[in-house]
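Please read the structure below before turning to the comments.
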Amino acid sequence: MSEAIESQLRTMLDRAVRDVMEAYGCWDAGDRVPYAIEVSRSPEHGDFACNAALVWARRARRSPREIATRLVEAIGDAGGLVQRTEVAGPGFVNLWLARARWHGVLTRILETGAEFGRSDVGKGERVQVEFVSANPTGPLTLGHGRNAVLGDCIARLLEATGCHVTREYYFNDGGRQMRLLGESVKARYLELLGLAAPPPAGALADPDAAWPPEIDGLPVAFPRDGYQGDYIREIARSLLDARGRELVGEDPEGPFKTAAEQSVFAEIRRALDALGIRFDVYSNELMLYQQGKIDEVLKDLRALDLAYEADGATWLRAQALGLARDRVIVKSSGEPTYILPDIAYHREKFRRDFERVIDVQGADHIDTFPFVRAAVAALGHDPSRIEYVIHQFVTLSSGGASVKQSTRRATYVTVDELLEEVGPDVFRFFMIQRKPEAHLDFDLDLAKEQDWTKNPAYYLQYAHARTHGIERKARERGRAMPQPGAIDASRLDLPEELELIKRLGQFPDVVARAAESREPHHVAYYLQEIAGLWNPYVQDGVRHRVLSDDEALTDARLGLALGVRVVLANGLRLLGVHAPERM
RNA sequence: GCGCCGGUAGCUCAGCUGGAUAGAGCACCAGGCUUCGAACCUGGGGGUCGGGGGUUCGAAUCCCUCCCGGCGCGCCA
């Protein structure tokens, strides 16, 4: 509901509650019982429902319905704000807003235009959203795709609520995984030259299987846990084409790793670009080493007696921070585990003056963030400013069968592959349709559905395109679109028109709620509701033809069309989905 | 075994932080419309909200407990 309407109702009801409770002799201004004003779910229950009588019943020792009756008397018409009131159910007070108030809502939507839905509930906070953050060891999988869309939509929502947002991608390029990548490429390179034998295919498929060091007199160079995807062979092939045999003696962490990282990262950025996702900052682990940030954190943790040596490794004294167990932060090999750079990285986030930090991560990281958060807190930063949005995994279903996504094996579907099938708009919409903490089953059959009455993404886009269709038709007839101020919205008095206006007016609240809860799916569901009201409305050209001989009515309905367009366009923009003018 | 997340219509999922008769899409059934304002619409069937306790005027929502599924519990990231 609109902020202005909400606060007016609240003021009015506060007074009515006070008057009634004073009459009962049980008003204590210092100890008020909170009550709710809710948007009614059904039109039969008015526009708003108030539960004040129910929550005050105990204190007043009166039945809720009796109190509600007194409230209704005290409310009256509330100085023209309210058209009708009633006592209902166990003691709700249902309120019907004066229609003129709703008509004002449409005018405001049209005047606000592209800005409608924006607010300042984010209070200008400087916030960093870190997402994707996939290490460049292979193409983006569906899980990364969900992460990417989720993070980007959260960023868009925060921007719409007045935050200053930095989108950031962090990757670990210093550790074992990248070394493994280099080794994998070199092994394939040697295989192409006939200097090494590939491991048996069956052994690769089984994570517990071992293979002999030699096959047919050739060494098997491919590392255990190596990266098996075809892209590794392609990188090796292009190295062979470019450099011939001269790399045979090179370190895997030299040209092989470098070439692989560049190649894979280029692919990742291409996929993100196709999704309309851009980052403001890329940061990486090696950078932190070069700047001495890792050593610094280690030194500071030691100074706080939060790090100690045992079994040849360095441990974080996490139990002293209230966690279940201690954790290794520097391995006995001298190499830090990923958690140490992570601590350093998060400390740098605050030093870079972000007021809030949001990390979007897959469920497999769920156990690690408490350590980072606790360590950063111990280093003097407010841990409540670090937020984690943990999302569950993605499965892909088609023809009734569900395909589980697995990295490092050949059983994953990449973002690129899926984009070729469904395009970025459908991809994004489907990825954002579920709340983060729920598993997401990507219904490939529905996503590919070209009978677009069935595909929810197209249904939404079509609802938007229809507002342009009507405008085109109007222009054909030589009629200009009305100016916002010139519309007599009181002509829109059919129930479905008022319902549409009411729902359109809630858009800013939906955006605010989605932003604050970091749950973009609320926007997707809301837009489907709008489309579900608008499509049938346009459909029923007998009951309410938009273009008619009644000029004032025509202008009012064109105004309604423009209002729908504003909300759908603004909402789709928040989801990063295009709002086409025709389909 | 421990921790986190899920369990709502045949399927995939919403449910505004405790409100009234639990919703949507897909699928299914019956009908409408022969079209870019039908890429849609109308109507219908379908539910012990995983089970059991508790809190209260009122529970899908909060608490306890059990069952099922996913993920994690590395000197991997």
Side-chain angles (χ1 to χ4, degrees), chain A residues 36 38-42 44-45 49 51 53-55 57-58 63-64 88-92 94 133-135 137 171-172 175-178 180 225 285 310-315 324-325 327-339 341-342 362-368 370 390-393 395 397 400 404 407 430 433-443 445-446 449-456 458-459 461-463 465-474 506 509-510 513-514 517 521-522 524-526 528-529 532 535-541 545-547 561 582-583:
Chain A
E38 297 169 341
V39 178
S40 300
R41 262 191 301 164
S42 150
E44 296 160 38
H45 296 147
N51 66 353
L54 291 160
V55 299
R58 174 179 288 264
S63 83
F92 290 102
N94 291 336
S133 293
N135 293 337
T137 55
F171 56 99
N172 298 96
R176 173 174 171 271
Q177 299 215 346
M178 293 305 291
L180 210 49
D225 298 330
E285 186 184 357
D311 304 327
T314 305
W315 294 70
R325 65 181 184 92
R327 255 189 113 119
V328 170
I329 49 179
V330 182
K331 297 186 256 183
S332 52
S333 66
E335 189 177 29
T337 61
Y338 74 100
I339 199 170
D342 239 33
D364 51 339
H365 286 76
I366 204 151
D367 216 38
T368 76
I390 303 291
H391 65 85
Q392 295 290 327
F393 286 167
T395 52
S397 71
K404 199 181 157 200
T407 27
F430 274 63
Q433 255 193 314
R434 304 286 174 250
K435 60 183 170 188
E437 65 268 31
H439 289 264
L440 189 153
D441 184 65
F442 196 105
D443 186 340
D445 298 331
L446 187 60
E449 183 57 72
Q450 292 297 311
D451 177 1
W452 292 327
T453 70
K454 294 172 183 166
N455 189 318
Y458 293 138
Y459 183 82
Q461 291 185 309
Y462 180 61
R466 269 184 149 173
T467 69
H468 285 275
I470 290 173
E471 176 172 348
R472 283 191 292 273
K473 183 69 67 99
Q506 290 167 7
D509 303 293
V510 172
R513 184 181 158 225
S517 63
H521 73 281
H522 291 304
Y525 277 88
Y526 168 79
Q528 282 181 295
E529 281 180 44
N535 278 333
Y537 179 84
V538 177
Q539 179 59 31
D540 193 347
R545 194 107 195 135
V546 172
L547 302 176
R582 58 174 83 228
M583 308 236 353

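In the text below, chain A, chain B and the rest are named by the order of the sequence lines, each starting its count at 1.
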Suppose we screen for side-chain hydrogen bond (donor to acceptor under 3.5 Å, both in side chains). Which residues come up paired with [X], at least two apart in sequence or across chains?
X        : value
A:Tyr462 : A:Arg466
A:Arg327 : none
A:Ser517 : A:Glu519
A:Gln450 : A:Trp452

Select base, sugar-phosphate, or nothing to describe what [X] touches, counting heavy atoms under 4.0 Å on all strands.
X        : answer
A:Ile329 : nothing
A:Glu285 : nothing
A:Val546 : base
A:Tyr458 : nothing
A:Asp311 : base
A:Ala363 : sugar-phosphate
A:Pro64  : nothing
A:Ala49  : base
A:Ser63  : nothing

Syn/anti state for B:rU65 [syn: chi within 90° of 0]: anti

Test of understanding: with ring pair (Phe, Tyr, Trp, His ring centres under 6.0 Å), list the residues that count as partners of A:Phe171, not counting sequence neighbours. A:Phe265

Residues that A:His439 engages under ring pair (Phe, Tyr, Trp, His ring centres under 6.0 Å), provided they are two or more places apart: none

To the nearest angstrom, how far is [X] atom [atom1] from [N] atom [atom2]?
X        : N      : atom1 : atom2 : value
A:Glu437 : B:rG70 : CD    : C1'   : 14 Å
A:Glu44  : B:rU21 : CD    : P     : 12 Å
A:Gln539 : B:rG43 : CD    : P     : 13 Å
A:Tyr537 : B:rG37 : OH    : P     : 16 Å
A:Arg513 : B:rA14 : CZ    : P     : 12 Å
A:His365 : B:rC76 : NE2   : P     : 15 Å
A:His45  : B:rG23 : NE2   : C1'   : 15 Å
A:Met583 : B:rU35 : CE    : C1'   : 16 Å

Contact under 4.0 Å: [X] side-chain N or O vs [N] OP1/OP2:
X        : N      : value
A:Arg58  : B:rC57 : yes
A:His439 : B:rG7  : no
A:Lys435 : B:rG6  : no
A:Tyr459 : B:rC41 : yes

Residues of residues 465-473 of chain A with any non-hydrogen atom less than 4.0 angstrom from an atom of RNA chain B: list those, numerically ordered, please. A:Arg466, A:Lys473

Could you tell me whether the side chain of A:Asn135 and the main chain of A:Asn172 form a donor-acceptor pair under 3.5 Å? yes

[X]: partners by side chain to side chain contact (heavy atoms under 4.5 Å, CB included), with sequence neighbours left out:
X        : result
A:Asp367 : none
A:Pro90  : A:Leu54, A:Phe92
A:Ala134 : A:Val132, A:Leu140, A:His144, A:Tyr169

For A:Pro90 and for A:His522, find the nucleotide of RNA chain B with the closest heavy atom, then tell me which residue's nucleotide is more 5'. A:His522

Whichever of A:Ile366 and A:Val55 has the more 5' nearest nucleotide on RNA chain B, that residue is A:Ile366

Each nucleotide N or O in nucleotides 24-27 of chain B that has a protein N or O under 3.5 Å away: list the pair and distance.
{"from": "B:rC26", "atom 1": "OP1", "to": "A:Thr453", "atom 2": "O", "distance (Å)": "3.3"}
{"from": "B:rA27", "atom 1": "OP1", "to": "A:Lys454", "atom 2": "NZ", "distance (Å)": "3.3"}

Between the side-chain atoms of A:Thr337 and the base atoms of B:rC75, is any donor-acceptor pair under 3.5 Å? no

Check this for me: does the side-chain of A:Asn51 come within 3.5 Å of the base of B:rG19 through a donor and an acceptor? yes

Mind listing the closest non-hydrogen atom pair of A:Val546 and A:Ile470 along with its distance? CG1-CG2, 4.0 Å

The dot-bracket string of RNA chain B, counting Watson-Crick and G-U wobble pairs with both distances under 3.5 Å, using [ ] for crossing pairs and | for pairs to another strand, is (((((((..((((.....[...)))).(((((.......))))).....(((((..]....))))))))))))....

The reported gap from CD in A:Gln392 to CZ in A:Arg434 (rounded to nearest 0.5 angstrom) is 14.5 Å

Can we say A:Asp225 and A:Arg176 salt-bridge, meaning some charged N sits less than 4.0 Å from an Asp/Glu carboxylate O? yes

